[in-house]
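Input: a single structure, listed below in structure tokens.
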Amino acid sequence: MKYLHASAKFSYHSAKAQRYSSWNNLAVLRSKPFIVRTYSNSLSIALLFSAMSPFARFSMSQETSLESKSPTIGRYDRPSGPIGQSRSVVMASNAMACTSDPRATQAALQVLSKGGSAVDAAIAANAVLGVVEPMSCGMGGDLYAIVWEAKTGQIHGLNASGRSPMKINRDVFAARDLKQIPLQGPLSWSVPGCVAGWLDLHSKFGILPIAELLAPAIRLADEGFPVSPVIGGFWAKADQNFAKWSDSQRTFLLEGKRPPRAGDLFRNPRLAESYRKVATGGADVFYRGPIAEEIVRFSKLNGGYFELEDFADHRNEWVKPISTKYRGYDVWQIPPNGQGLSVLQILNVLSEHDVAAMGWGSPEYLHLLVEAKKLAYADRARFYADMAFESVPVETLNSTQYARQQLKRIDSTKAATHIDAGDPKLVQGDTVYLCVVDKDRNCCSLIQSNYHGFGSQVVPGDVGFAMQNRGNLFSLDANHPNRLEPGKRPFHTIIPSLVTRDDKPVFVFGVMGGDMQPQGQVQVLVNWIDFSMNIQMAGDAARVRHEGSQTPTGVQADPEGGVVHYESGISTDAVRALEKMGHKTQASRGSMGGYQGILIDWERNLLQGATESRNDGVALGY
């Protein structure tokens with residue numbers, strides 16, 4: 001372990017001192033002498049000295065070098081602020097939207113500029129994402145949202161996840177000698193809750209007509225759009241998965257033959273027509289009209305179990321969000337059947353430690369983070385389920401007393417290889433997350449997903465969208481709380497979040513990415529709260545992802561403790577230290593989640609926006 005002593009003199013408009021991250025260490029800037037703990041083989045501190053004025057001037061107590069041994073494209077030095085940050089924090093006074101695609105953000109901003117609400121803008125953005133990022137989201141998926149209503153000061157939660165067909169049961173899979181529900185095909189289907197979610201949100205918080213909100217998406221689907229670089233990469237192998245499904249090929253492959261590449265113009269007129277039907281006919285068109293009829297017809301012809309009644313009987317649920325207090329902030333999540341509770345459980349364990357003193361990227365912090373995740377995910381696998389069917393001990397699992405009990409199970413020097421659930425007496429996942437704050441400071445934190453890329457891989461007929469494969473997340477174990485039953489919601493991975501302080505929203509954010517979502521949310525929050533990063537750097541900072549925990553589908557944990565995946569910004573010294581503790585590690589590029597966030601500065605009436613540097617998105621405000 002190496003230490004760098006330095007002093008910093010700088011001024012900020014922000015009331016919070018900043019901590020700066022370089023490409024392989026975090027330099028912590030304060031208004032008094034400090035110690036920076038680094039975990040790198042070479043002490044190359046990516047900080048500018050005199051060129052940083054007026055933000056920072058350093059006097060180093062040991063020699064350092066800013067030179068790289070070899071040229072590196074993409075390594076650059078910003079003239080102010082965190083030197084290696086991917087982009088500036090976006091500032092605006094009136095309203096702001098952050099999404100994973102510039103066209104979705106633009107649609108949201110247009111709605112806001114016309115006087116639409118945060119929810120209006122979120123619906124417009126989500127619909128556009130269903131066009132430009134169809135593997136991740138769309139009308140065939142589910143939706144969760146947390147909404148802050150400014151005029152009442154109330155937080156609302158919407159669980160818009162669908163249920164299994166009433167005619168399906170575990171015997172269907174036993175007869176096929178299946179131990180898990182397939183990832184692909186109609187056997188993985190549950191009723192999509194997205195469209196009903198849009199209309200439920202709109203009826204409660206909308207201002208502009210739903211047809212006006214869907215218009216930008218309809219235009220893009222009709223006229224076409226150039227595929228963005230990251231999405232082009234996600235699309236690349238779709239033709240292999242569509243081999244059995246001709247409607248999927250006709251819908252999502254150019255001329256029905258190959259996936260579009262970055263820059264290719266892609267059109268989806270079938271999706272445009274489905275959007276038009278909803279724009280004029282509302283939810284009934286989807287759940288009691290021609291779209292439901294098309295899906296059910298296809299299901300019956302292809303071994304599925306849907307009936308029209310499954311769609312007609314669909315209802316979403318307004319729920320009371322759950323929360324925990326972390327360093328003076330209240331962090332809010334949707335209760336199970338989703339996995340948001342695991343974020344709170346991890347934070348409750350971390351809150352018992354002085355994480356800031358450990359240092360960003362330190363093996364001590366990373367070890368604690370991973371071990372706390374293992375504990376929370378063991379509980380997730382054992383207890384999380386549809387609360388209409390099961391009694392989930394949410395209050396106990398989220399309690400400080402339980403966190404302290406769990407903390408005793410963590411060895412600070414050794415990685416656990418076997419974690420049972422406590423006694424309270426998922427890697428892939430294609431999703432979109434977006435957030436909007438309007439001029440009245442109404443907030444919408446919304447996440448929407450097909451689960452895996454293109455969900456079940458199946459487009460049923462001419463609807464223009466793929467059906468989700470959320471049914472894959474049921475367990476076939478008759479004794480498991482998350483067991484498959486008719487008309488039941490499966491365990492869910494998508495989790496929007498909202499942070500409040502003193503009964504006001506201060507941070508609207510989320511991290512998409514299946515099993516990574518709770519891990520990513522915790523890392524962003526800790527970066528912002530404990531390590532005092534701005535909200536863009538909190539998302540830019542290198543992440544880790546542990547995989548190998550037991551799952552709510554009944555898959556057992558890796559008996560060797562799983563693998564800690566890490567990005568290149570985590571130092572070699574830290575990785576080696578983790579390995580000495582017994583962690584298996586692997587350098588990884590991808591599956592580290594996708595982040596968006598809006599910070600509300602009430603004192604200055606300012607909105608600050610950040611978006612995922614690993615994706616194609618953008619934050620915009622006015």
Side-chain angles (χ1 to χ4, degrees), residues 90-101 103-129 137 143-160 194 197-210 212-217 316 318 321 332-334 432-448 494-500 503-510 512 535 595-602 605-611 617-622:
V90 177
M91 308 285 188
S93 298
N94 292 296
M96 182 169 286
C98 305
T99 84
S100 54
D101 188 277
R103 291 155 292 205
T105 305
Q106 183 181 22
L109 211 63
Q110 288 172 348
V111 168
L112 292 169
S113 66
K114 293 177 181 178
S117 68
V119 160
D120 285 338
I123 293 170
N126 191 180
V128 168
L129 289 169
C137 67
L143 178 155
Y144 282 43
I146 296 177
V147 177
W148 169 270
E149 187 180 18
K151 68 180 180 181
T152 63
Q154 297 296 309
I155 297 177
H156 304 265
L158 180 65
N159 181 336
C194 172
W198 290 346
L199 275 297
D200 287 341
L201 287 165
H202 187 260
S203 66
K204 200 175 185 72
F205 304 110
I207 296 174
L208 302 181
I210 194 72
E212 188 171 348
L213 305 183
L214 297 182
N316 292 326
W318 289 100
W332 297 88
Q333 299 283 341
I334 300 290
V432 296
Y433 172 80
L434 59 96
C435 50
V436 183
V437 177
D438 65 27
K439 60 181 175 56
D440 298 317
R441 297 304 182 252
N442 296 298
C443 307
C444 185
S445 180
L446 185 149
I447 194 162
Q448 205 260 302
I494 58 176
I495 52 172
S497 188
L498 181 77
V499 180
T500 62
D503 298 322
K504 285 185 175 181
V506 293
F507 192 28
V508 191
F509 88 109
M512 50 202 169
I535 60 167
Y595 155 72
Q596 324 288 338
I598 299 175
L599 183 72
I600 304 175
D601 182 339
W602 289 94
N605 192 32
L606 177 69
L607 301 174
Q608 300 183 29
T611 190
V618 67
L620 291 173
Y622 76 96

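Here the structure is a predicted model, which means the values were calculated and not measured.
Residue Asn316 holds its CG atom at 7.0 Å from CG of Asn159, rounded to the nearest 0.5 Å. Separating the NZ atom in Lys439 from the CG atom in Asn94 is a distance of 9.0 Å, to the nearest 0.5 Å. Considering CG of Leu158 and OH of Tyr144, their distance stands at 9.5 Å, rounded to 0.5 Å. Atom CD in Gln448 sits 11.5 Å away from atom CD1 in Ile123 (nearest 0.5 Å). The CD atom of Glu149 lies 11.5 Å from the CD1 atom of Ile155; values are rounded to the nearest 0.5 Å. From Ile535, atom CD1 reaches atom CZ of Phe509 across 11.0 Å, with rounding to the nearest 0.5 Å.
In terms of modelled atom types and a separation under 3.5 Å, the side chain of Asp101 and the main chain of Arg103 share a donor-acceptor contact. Between the Asp438 side chain and the Ala95 main chain, no donor and acceptor come within less than 3.5 Å of each other. The main-chain N or O of Asp120 is found under 3.5 Å from a side-chain atom of Ser117 such that the two form a donor-acceptor pair. Judged by distance alone, the side chain of Thr105 and the main-chain N or O of Leu620 form no donor-acceptor pair under 3.5 Å. In this structure a side-chain-to-backbone donor-acceptor pair under 3.5 Å is present from His202 to Leu208. Ser497 places a side-chain N or O within donor-acceptor distance of the main-chain N or O of Trp332, the cut-off being under 3.5 Å.
Taking every heavy atom of both residues into account, Leu599 and Val506 meet most closely at CD1-O, 3.0 Å. Here the closest non-hydrogen pair linking Cys98 and Ala619 is SG-CB, 3.4 Å. Residues Ile334 and Gly157 come closest through the heavy atom pair CD1-CA, 3.6 Å. In terms of heavy atoms, Thr611 sits closest to Thr99 at OG1-O, 3.4 Å. Minimum interatomic distance between Ser100 and Val432 (heavy atoms only, all atoms of both residues): OG-CG1, 4.0 Å. Of all the heavy atoms in Met96 and Leu607, the pair that sits closest is CE-O, 3.7 Å.
Taking the side chain as every heavy atom from C-beta outward, Cys443 and Ile600 approach each other to under 4.5 Å. Between Phe205 and Asn442 the shortest side-chain heavy-atom distance does not fall below 4.5 Å. Looking at heavy atoms from C-beta onward, Leu201 lies in side-chain contact with Leu446 at the 4.5 angstrom threshold. Looking at heavy atoms from C-beta onward, Trp198 lies in side-chain contact with Leu214 at the 4.5 angstrom threshold. Taking 4.5 Å as the limit, some side-chain heavy atom of Leu606 sits within range of a side-chain heavy atom of Met91. Contact annotation: the side chain of Asp200 approaches that of Trp318 to within less than 4.5 Å [non-hydrogen atoms, C-beta and beyond].
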Any chance you could lay out the side chain to side chain contact (heavy atoms under 4.5 Å, CB included) test for Glu212 and Lys114, step after step, and finish with the verdict? CA-CA 11 Å; Glu212 188 171 348; Lys114 293 177 181 178; 3.4 Å; yes
One pair to check against side chain to side chain contact (heavy atoms under 4.5 Å, CB included): Asp440 and Lys151. What are the steps and the verdict? CA-CA 8 Å; Asp440 298 317; Lys151 68 180 180 181; over 6 Å; no
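Remark: the Ser445 side chain and the Tyr433 side chain contain an N/O donor-acceptor pair separated by less than 3.5 Å.
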